[in-house]
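Below is one structure, written out as structure tokens; the observations come after it.
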Amino acid sequence: MTVRALPYPILEDDALSYPDGQYNVEIRKLSDDNAFSITHTVIGASFINKALDEGRARCGCLVAIPMTGYRKLHLADAGRRELEISWEDSVVGQPPSLRPLILTTEKIECELTATDGVDEAWHQTVAFPKGARLAVKHYYRQVASLAGMLRIRVDPERKAGTFRVGTSQEEGFFFDVRVAADMFAFIRKDSNHSYIEHRGSVYTHIISKCFEILRADFSKPDDDGNPEWENYPNLKALSEQLEQQELPHWANEEEFSAEEVATAMHPHKFPMIAEDED
Amino acid sequence: MSFQELHSVQYSQLRRDLLRDKGSDLQKEFLEALRQDGQEFLEWMRNKVGITVGNSPELSSVEPISEDEFKEPTKVTEAAVFSALQSLEPRIACRPPFWGRVALWCIETKKIGKPSYLAANGGTGPGGSARIDEALKSDDHKKLDSAVRTVLRRLSGLPEARGNRSVYVDCPLARAWWRCFWARECASGDEATEKKIINVFRTQQNYWEELVNLVISRNSVLGDAKVRKALIQTLAREKAGADPDEKLFQQSFLKNINMQIGIRAAIQELGVFSIDELRALLEEKLIPLA
């Protein structure tokens with residue numbers, strides 16, 4: 001449960017200020033990776049909807065990518081619940097975090113009552129300064145899956161059947177997977193191909209190596225004692241994914257095993273063998 | 001315009017391999033190559049790390065710099081670096097492989113006279129050559145490792161050890177670019193203000209480092225360009241004629257003002273204000289508390 005010491009009520013997940021309040025957002029990618037549309041919906045918090053309709057508050061979204069010192073607040077037009085945002089790739093570089101919110105665009109002072117949707121504790125005169133966040137969501141990050149972090153490329157000079165994994169931290173972190181030509185052709189086959197289990201195992205082998213690399217090179221703290229992997233949003237997302245699946249983190253010296261985690265996330269699958277086969 | 005860079009994956013791997021074991025054979029090999037003339041070191045690097053396709057990042061207008069100047073470039077040198085790379089995009093300017101390529105170009109063209117300059121520490125410590133010689137002769141693993149880390153920091157920044165701020169703070173060429181870039185951004189076209197802002201950024205190394213830390217740390221409010229502009233414009237106005245001990249130009253002030261801005265930002269989203277409103281807020285309410 002979220003508890004904030006603010007002089008005004010705020011609508012957010014698990015907060016008490018609006019007992020029946022809900023703040024929902026729908027985020028849709030537009031034509032390219034750098035443009036999104038965000039639709040805000042507020043239910044059970046009539047004070048906020050009234051402020052939006054009167055133009056005293058606006059829907060917005062924070063776009064942030066600390067690596068390049070970029071943080072910008074985008075606002076919808078007055079009265080609108082939809083907002084389109086975009087950013088220049090030249091400035092931002094790696095996928096940013098998005099934080100939808102609703103905030104006041106002027107000072108508001110008023111008496112709140114039950115009809116406003118607020119908890120009884122807020123039935124009083126409340127002053128909202130300009131910029132007060134009336135509703136907030138958590139940060140949304142674009143890249144969250146391990147598959148999204150693999151850049152698999154053919155290396156024509158590799159011996160048949162071999163591959164090698166490296167890392168690059170320059171575009172928000174990815175694994176650079178260089179595979180031999182025969183391997184590249186094989187793993188790109190249509191998923192209905194009869195060797196689907198074999199292809200899956202090749203992929204499991206690759207991600208096992210990825211976790212070995214994370215264990216060896218991205219588990220120790222930097223000179224300031226901060227874990228290096230925390231600098232990368234997609235590694236943070238992967239870390240959360242492991243937690244959700246109750247799998248040990250690569251920085252956990254005692255419990256982590258690369259092959260165990262890789263096979264838990266992407267198990268080997270085997271073809272059915274008839275009983276009379278050897 | 002797409003600039004050449006060091007091959008990102010290979011360069012990441014090289015940095016990790018160099019950091020893996022203190023006093024390793026690879027560390028000694030690296031330092032021995034640095035101690036030779038530029039061509040040997042460049043060849044050593046070329047054998048380990050490729051270069052991507054693109055335009056060569058040429059700093060033709062930069063005069064050759066001495067070892068001391070490389071440690072702390074002058075305003076003129078910093079301006080020349082920025083001028084030569086004005087078209088650089090910020091997303092590239094925070095990348096170690098880019099600045100590594102720039103440093104190698106400078107060694108190729110003798111803008112950096114000797115690769116051993118990269119090993120020189122700040123202040124009045126021994127020069128790069130003396131430091132490398134001592135480390136190799138003593139075979140002291142800590143000294144070898146420390147020299148290697150200094151080189152990597154100066155070459156391109158070392159995020160593995162120093163986080164994302166390393167490019168902005170440890171690599172003199174990148175630091176020059178970012179100081180000028182933020183000064184131009186915050187001055188909004190006013191040349192006199194731009195010069196004053198450069199003076200703020202050059203107050204001292206730890207002041208610049210603290211500012212960078214605050215701007216690029218996770219979701220810092222100073223990451224917002226308007227808030228950053230308002231604060232830096234205010235500091236620039238105060239800088240002229242200020243006593244060197246003036247509190248506004250101490251590292252501790254930046255920590256304190258960031259805290260005050262953070263407290264205010266918890267109640268109000270500062271991005272909704274204009275720059276003038278933010279300056280008034282800073283001058284009247286927040287700076288007096290910092």
Side-chain angles (χ1 to χ4, degrees), chain A residues 4-8 58 60 62 64-75 88-94 97 99 101 103-106 128-133 136 139 151 164-171 174-176 178 213 216-218 220-224 226 228 230-233, chain B residues 5-13 15-17 19-20 87-98 149 158-168 178 181-182 185 212-228 264-273 277:
Chain A
R4 294 183 193 261
L6 290 171
Y8 53 81
R58 279 157 69 166
L62 265 173
I65 186 68
M67 182 65 191
T68 50
Y70 183 86
R71 187 178 193 271
K72 188 171 176 182
L73 175 67
H74 297 253
L75 291 175
E88 283 181 43
D89 199 40
S90 66
V91 176
V92 176
Q94 50 181 282
S97 300
R99 190 177 203 192
L101 70 169
L103 45 80
T104 59
T105 49
E106 59 185 68
F128 297 82
K130 177 176 173 176
R133 298 177 196 86
V136 290
Y139 281 94
R151 295 217 182 150
R164 187 182 174 105
V165 181
T167 61
S168 172
Q169 288 88 267
E170 262 57 72
E171 290 168 20
F174 64 87
F175 291 104
D176 181 74
R178 299 290 172 131
I213 289 172
D217 294 338
F218 290 86
K220 295 187 183 66
D222 63 19
D223 289 355
D224 296 325
N226 301 315
E228 190 195 342
E230 285 191 1
N231 290 322
Y232 307 105
Chain B
E5 295 185 24
L6 297 181
H7 189 284
S8 167
V9 175
Q10 291 168 2
Y11 187 46
S12 292
Q13 191 62 51
R15 294 198 307 269
R16 291 198 180 275
D17 289 343
L19 294 178
R20 192 159 284 122
S87 63
L88 186 61
E89 295 170 347
R91 73 179 178 98
I92 303 294
C94 60
R95 292 161 64 105
F98 172 75
R149 282 169 185 263
L158 188 58
E160 291 80 2
R162 297 260 294 151
N164 290 337
R165 73 180 188 279
S166 187
V167 172
Y168 299 75
W178 278 104
F181 178 75
W182 277 347
E185 180 194 66
V212 165
N213 234 7
L214 296 178
V215 172
I216 68 167
S217 66
R218 298 169 225 172
N219 292 321
S220 161
V221 178
L222 283 181
D224 186 299
K226 278 199 288 184
V227 177
R228 184 162 69 238
R264 182 59 68 116
I267 302 172
Q268 295 168 275
E269 181 53 54
L270 297 182
V272 80
F273 293 91
E277 285 174 321

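First the proteins, then the strands, lettered A, B, ... as listed; each starts at 1.
Expressed to the nearest 0.5 Å, how far CG of A:D176 lies from OG of B:S12 amounts to 9.5 Å.
Highest contact tally toward chain A, considering only B:H7, B:R165, B:E5, is held by B:R165 [criterion: heavy-atom pairs under 4.5 Å].
Only the side chain of A:Y8 comes within less than 4.5 Å of a heavy atom in chain B; its backbone stays farther off. For chain B, no part of A:I213 is nearby; none of its heavy atoms comes within less than 4.5 Å. In this structure, the portion of B:R15 lying under 4.5 Å from any heavy atom of chain A is its side chain and not its backbone.
Considering only residues two or more places apart in sequence or on other chains, A:K130 meets the side chain to side chain contact (heavy atoms under 4.5 Å, CB included) condition with B:V272, B:F273, B:E277. In terms of the ring pair (Phe, Tyr, Trp, His ring centres under 6.0 Å) criterion, B:Y11 has no residue partners (sequence neighbours excluded).
For the pair B:R91 and B:F98, the cation does not sit on the ring face, since its NZ or CZ is not both under 6.0 Å from the ring centre and inside 45° of the axis.
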